[in-house]
S.K.: 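Take a look at this one; I'll ask things after.
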Amino acid sequence: MCGRINFSDSAETAKRLGVKDSDTPREGDVNGFACQDSYIFGLADRAPDTLRHFHWPLIPSWSNTYPAYQSHNARSEDMADKPAYKHLLGKRHCIIAINGFYEWERSSEKTPWYFSMADGSLMLLAGLWDYNTKLDAPVLSCTVITREPNQMVGEVHNRMPVIITRADADIWLNTQLPYHERAKVLQPIENSALLKVEIGKSINKADNKSGDWFNGPDEKPLSLF
DNA sequence: CCAGACGTTGTT
DNA sequence: GTCTGG
DNA sequence: CCAGACGTTGTT
DNA sequence: GTCTGG
């Protein structure tokens, strides 16, 4: 999971989080994915009162090239063993604020689904961030932590992002707490907190930004109006 | 010791 | 099958 | 994440 | 930076 997401522009994201934007406002993306010029928005444990624009995927601080490997997700089960992530645990936690994410069910036919919060709130993903000054320009970047799915997501896919409540986000971002206390929030979210809808295959094309895969107005995210 | 990788997903 | 580009 | 390409030489 | 493989 967590390769394709729907997120609002930075101004709206900051407003809904109740924080100020830190940077030149950036657009959102109803069909976003990690690539060399993609940015997503959230909060870093260092100064979480301000919205950060994170390059996605993660570029480790020690890297002097753009990563040739996949670094948009970190497996919660073994990220503590990975050279690209372990130095960030307990030191550089972040949350990413999105509207929802897409998963493809691989049954007889590949079927796309959309997951969002049942109450229409921002979806908060647990992540790790880093800061690199060895490339052309300094880059703040992040990765999204994944885990085994809850029952609802598990019906269509074997992984999901770590989705946390606002209260747990405060714990994940609290630099005063020891890592093992902060890491306790990396749990599967309860099924009832999520909304799951099947969507059209027009989502598949990454450059389709129309949102025409949503079935009707009642399923269309607010960000598209 | 130095050189070279550093990752996830899904699919088999 | 696997890598690259979006 | 999915879609789409998957090659080399030489010449511009 | 830090780990693995040689």
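First the proteins, then the strands, lettered A, B, ... as listed; each starts at 1. Only this structure's heavy atoms are used, side chains among them; waters, hydrogens and symmetry mates stay out.
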S.K.: Given B:dT8, is OP1 or OP2 found less than 4.0 Å from the side-chain N or O atoms of A:Arg75?
M.R.: no
S.K.: Show each protein N/O and nucleotides 1-6 of chain E N/O combination with a separation under 3.5 Å, one pair to a line.
M.R.:
residue : atom : partner : partner atom : Å
E:dC3   : OP1  : A:Lys86 : NZ           : 3.3

S.K.: Side-chain donor-acceptor pair under 3.5 Å between A:His93 and A:Asn174, yes or no?
M.R.: no
S.K.: Could you go over nucleotides 4-6 of chain D and give all protein N or O partners under 3.5 Å, atom names and distances?
M.R.:
residue : atom : partner  : partner atom : Å
D:dG4   : OP1  : A:Lys205 : NZ           : 3.2

S.K.: Compare the minimum distances between each of B:dT9, B:dG7, D:dC2 and the side chain of A:Gln70, then state the nucleotide with the smallest one.
M.R.: B:dG7
S.K.: Thinking salt bridges, do A:Glu27 and A:Lys209 make one under a 4.0 Å N-O criterion?
M.R.: no
S.K.: Would you mind telling me which of B:dT9, B:dG7, D:dC2 lies closest to the side-chain atoms of A:Tyr69?
M.R.: B:dG7
S.K.: Does the side chain of A:Thr146 pick up a donor-acceptor pair with the side chain of A:Asn73 at under 3.5 Å?
M.R.: no
S.K.: Give DNA chain E the dot-bracket treatment, 5' to 3': Watson-Crick (N1-N3 with N6-O4 or O6-N4) or G-U (N1-O2, O6-N3) under 3.5 Å, [ ] crossing, | other strand.
M.R.: ||||||
S.K.: Are A:Asp45 and A:Trp129 close enough that a side-chain donor and a side-chain acceptor fall under 3.5 Å?
M.R.: yes
S.K.: Just to confirm, is there a sub-4.0 Å distance from OP1 or OP2 of D:dC2 to any side-chain nitrogen or oxygen of A:Arg106?
M.R.: yes
S.K.: Salt-bridge test for A:Glu103 and A:Lys196: reply yes if a basic N is under 4.0 Å from a carboxylate O, no otherwise.
M.R.: no
S.K.: Apply the test salt bridge (charged side-chain N to carboxylate O under 4.0 Å, His left out) to residues A:Asp81 and A:Lys86: give CA-CA distance (whole Å), side-chain angles for both, the deciding distance (0.1 Å), then the verdict.
M.R.: CA-CA 6 Å; A:Asp81 303 321; A:Lys86 63 183 304 180; 5.9 Å; no
S.K.: So, A:Asn99 and A:Arg16: side-chain donor and acceptor under 3.5 Å apart, yes or no?
M.R.: yes
S.K.: How far, in whole Å, is B:dT8 from D:dC2 if one measures between their C1' atoms?
M.R.: 15 Å
